[in-house]
There are 2 protein chains.
Amino acid sequence: MDFSRIAEAVRFHRGRSGLTQLELANLAGVGKTVVFDVEKGKDTVRFRTLCRILQALNIGIRLESPLMARFEEELDEESPSLDVRHSGRRTH
Amino acid sequence: MDFSRIAEAVRFHRGRSGLTQLELANLAGVGKTVVFDVEKGKDTVRFRTLCRILQALNIGIRLESPLMARFEEELDEESPSLDVRHSGRRTH
DNA sequence: GATATTTTACTGTTATAACAGTACCAAGGT
DNA sequence: ACCTTGGTACTGTTATAACAGTAAAATATC
């Protein structure tokens with residue numbers, strides 16, 4: 001939500017990286033048009049495409065919700081955990 | 001990135017909400033096919049479409065990067081702030 | 001095990017995202 | 001003034017996301 005925020009973040013990070021729109025586009029493996037559109041606030045880009053741009057700028061995405069903690073717990077449980085070094089309660 | 005994570009989060013939250021794929025689709029204002037695709041891990045959905053689904057499930061998106069703090073600071077500065085309750089140093 | 005509900009997996013159609021190409025419009029530097 | 005560079009803003013084309021519809025699995029509910 002609030003895609004203008006993402007647009008500004010992309011522009012900010014690109015500027016800090018000293019990249020032009022075209023350079024970022026090539027780095028991310030997308031067309032220059034998309035970079036321009038994203039910075040303009042266009043929210044109709046493919047999620048994959050947006051991710052490529054964010055990744056090129058070292059920007060990560062994190063989901064947050066009231067239930068998120070529960071969700072993460074569940075993920076821990078269903079993986080047998082290859083980490084056998086300490087056998088105990090994961091100290092979150 | 002790691003769209004399977006998002007897929008699982010959506011499924012988890014939908015389940016917790018007691019919604020069917022179709023109900024969520026209607027709630028989010030998207031087609032049932034998209035909900036299925038997202039939960040299957042399809043990363044080619046439009047960002048806007050994904051956001052609608054996340055929003056319906058009360059899942060927020062946060063960007064994170066080493067530069068993010070700097071970015072937020074800059075946002076604070078350039079907004080004149082309509083909040084006049086405490087007379088801060090706004091006089092420039 | 002029969003019935004209902006939900007999910008998965010196809011379709012064909014329509015709208016449109018992504019793209020390269022082009023051109024124009026700043027700013028900055030010479 | 002000129003030239004360069006980066007951004008903006010259009011094009012036309014192609015690939016495809018989104019959609020409702022349908023049907024078949026899977027999963028509950030009785």
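Note that these values count all heavy atoms, side chains included, but never hydrogens, waters or copies made by symmetry. To find a chain, count down the sequence lines: A is the first, B the second, and so on, and within it residues start at 1.
Proximity of a side-chain donor or acceptor of A:S17 to a complementary backbone N or O of A:L19 within less than 3.5 Å is not detected.
Residues B:F3 and B:L50 approach most closely at CE1-CD2, 4.1 Å, considering heavy atoms. Shortest non-hydrogen contact noted between B:S65 and A:H13 is OG-NE2, 2.6 Å. Between B:V10 and B:L54 the shortest heavy-atom distance is CG2-CD2, 3.9 Å.
Taken together through direct or relayed side-chain contacts under 4.5 Å among Ile, Leu, Val, Met, Phe, Trp and Tyr, B:L63 and B:F71 form part of one hydrophobic cluster.
Considering only side-chain N and O atoms, B:T49 lies nowhere under 4.0 angstrom from the phosphate OP1 or OP2 of D:dA17.
For the pair A:K42 NZ and D:dA9 P, the interatomic distance rounds to 13 Å; values are reported in whole Å. Rounded to an integer number of Å, the gap from CG of A:L19 to P of D:dT5 is 17 Å. A:E39 places its CD atom 7 Å from the P atom of D:dT8, with the value rounded to the nearest Å. The interatomic distance linking A:K40 (NZ) with D:dA9 (C1') rounds to 8 Å, in whole Å. Rounding to whole angstrom units, CG of residue B:D37 and C1' of D:dA17 are separated by 9 Å. The interatomic distance linking A:L24 (CG) with C:dC19 (C1') rounds to 16 Å, in whole Å. In this structure, the CG atom of A:D43 is 17 Å from the P atom of D:dA17, given to the nearest Å. Atom CZ in A:F36 sits about 19 Å away from atom P in C:dG21, given to the nearest Å.
When the nearest nucleotides of DNA chain C are assigned to A:R46 and B:T33 by heavy-atom distance, the more 5′-ward of the two goes with B:T33. If you find the closest nucleotide of DNA chain D to A:L22 and to B:V34, the one lying nearer the 5' end belongs to A:L22. Mapping B:K32 and B:L50 onto DNA chain D by nearest heavy atom places B:L50 at the nucleotide closer to the 5' end.
Residue B:R11 has its side chain nearest to C:dT8 when only C:dT8, C:dC19, D:dA17 are considered. Picking from C:dA18, C:dT8, D:dG7 the nucleotide with the shortest atom distance to the side chain of A:T20 gives D:dG7. When distances run from any side-chain atom of B:Q21 to the nucleotides D:dT8, C:dT8, C:dA18, the shortest one goes to C:dT8.
Residue A:T44 is classed as a sugar-phosphate contact, given heavy-atom separations below 4.0 Å to backbone atoms only. When heavy atoms are screened at a 4.0 angstrom cut-off, A:R14 is found touching the sugar-phosphate backbone but no base atom.
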